Amino acid sequence: MDLPSFKLDHWLSKYDFATPPITHNLASSTGPRWTVGELRALGDGVSVEDTILSYAPPEGGRALREAVADFHGADPDWVVTTTGASEALSILFCLFERPGATVLLPDPGYPAYAAMAEAWRLGPRVYPLDRSDRFSQRADAVLARVDASTSAVVVNTPHNPSGSVMPRADLVRLAKALGERGIPLIVDEVYHPLYFGEYQASAAGIENVIVTSDLSKAMSLPGLRTGWLIDMDPARRARIVDARSYFTISGSPPLECLAAHALRHSAAILARLEKVAGANLALLDHLFADDRHGLRWARPQGGTTAYPWFEDGRDSRSFCEALAVSGVLFAPGDCFGDPSHVRIGYAQHDEDFQQALAIVSDTLRKEGQ
Ligand SMILES: Cc1ncc(COP(=O)(O)O)c(C=O)c1O
């Protein structure tokens, strides 16, 4: 199997793991960074030292599953923990594979969806987000692409890279319409619950929905490599747990311990994220209020990324390279199949964001000369 090169990760790794790393990383999609010490200082109740370094249960330890269930307003029995949302998606694509089967994915979308589907020989097909209307996600646009080959559908809300949100009424309608055709709806909620408009409840508990999520994005702790899926169907859950046992046997007990601790203190972690993301979005509002630089955007409704584009359709890679030389990292849109776009991650940095945007304005001005 020849998987496509993971352009986005190559780009991020080249600059973020360089010595020294890029000064202002505005390409990443996670929130502010936490150390283990800062996480532990959020409150008591974490005893990593006493954790036995054995395997954890294949469905995840009870304490972590209860903390995940609490986070989503779900039943702990519905939760299976995984190594990141990546493993959750991989398990689902593996289980939904059958000869000739396809999975419907958002376009644009997180590039690993299509690659993982291909790896499991589940044909990736796409449905479009409405680019003329802030990348809006509507049930009808998804349903129009469903056919006899569709074995699963993925919705990502809030969405990477655009920050659009599928309204709950559409999610409910889509899940029901798919359910009538025996097609499960996977809702990838890694950016939940970061919304800039109306708050939206998790899709966990909607009939025919499997939620996938993690600690990496809204919870800002990608180094804990903790994800999960939430599925109300007990027979399918049993197959998921079996797959998990085959793939990675279990999670890591010390990481599970820290992950449960983090979720019990999610209010503090999310408050920091909201503060940074909110302040930086206001600075981006200012940048995009001046349209002389030719870069346009659709203000995100949630999540940690925005997906602006050059109005003249130019390829953004050389701009991103020039910007990186000046110490600011955006992700070039070709990583998502859209060369005229850039992805901006605005939720990781606080005090240096304004300085980074000054460099962006300067580079844009030079490009325009
Ligand atoms: C939309 C989306 N889903 C899933 C993932 C997988 O993240 P992880 O494996 O860290 O949980 C990512 C990572 O960038 C993502 O953007």
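Just so it is clear, the structure is predicted and the values come from calculations on it, not from any experiment. Note: hydrogens, waters and symmetry copies are ignored here, and every other heavy atom, side chains too, is used. Remember, it's 1-based here, ligands and their atoms both numbered in the order they're listed.
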Novice: Once side-chain hydrogen bond (donor to acceptor under 3.5 Å, both in side chains) is applied, what residue pairs with a partner in residues 281-290 remain, sequence neighbours excluded?
Specialist: Asp285-Arg299, Asp290-Arg292

Novice: Would one find more than 12 heavy atoms of other residues, nucleotides or ligands at under 6.0 Å from atom CZ of Phe247?
Specialist: yes

Novice: Sort and list the pairs that fulfil side-chain hydrogen bond (donor to acceptor under 3.5 Å, both in side chains) and have at least one residue in residues 169-183, not counting sequence neighbours.
Specialist: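 Output for this query lists Arg138-Asp170, Asp140-Arg173, Lys176-Glu180.
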
Novice: On the ring face of Trp34, is Arg40 found with NZ or CZ under 6.0 Å from the centre and within 45° of the axis?
Specialist: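 The answer is no, since Arg40 fails at least one limit relative to Trp34.
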
Novice: List for me each residue that meets side-chain hydrogen bond (donor to acceptor under 3.5 Å, both in side chains) alongside Ser202, sequence neighbours excluded, and say none if there are none.
Specialist: His72, Glu189

Novice: Could you please provide the protein residues found below 4.0 Å of ligand 1 on a heavy-atom basis, arranged by chain and number?
Specialist: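 Around ligand 1, where the cutoff is 4.0 Å for heavy atoms, the contacting residues are Gly84, Ala85, Ser86, Tyr110, Tyr113, Asn156, Asn160, Asp188, Val190, Tyr191, Asp214, Ser216, Lys217, Arg225.
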
Novice: Measure the acute angle between the ring planes of Trp309 and His341, then classify it against the limits of 30° and 60° as parallel, tilted or perpendicular.
Specialist: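 It falls in the tilted class, 30° to 60°.
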
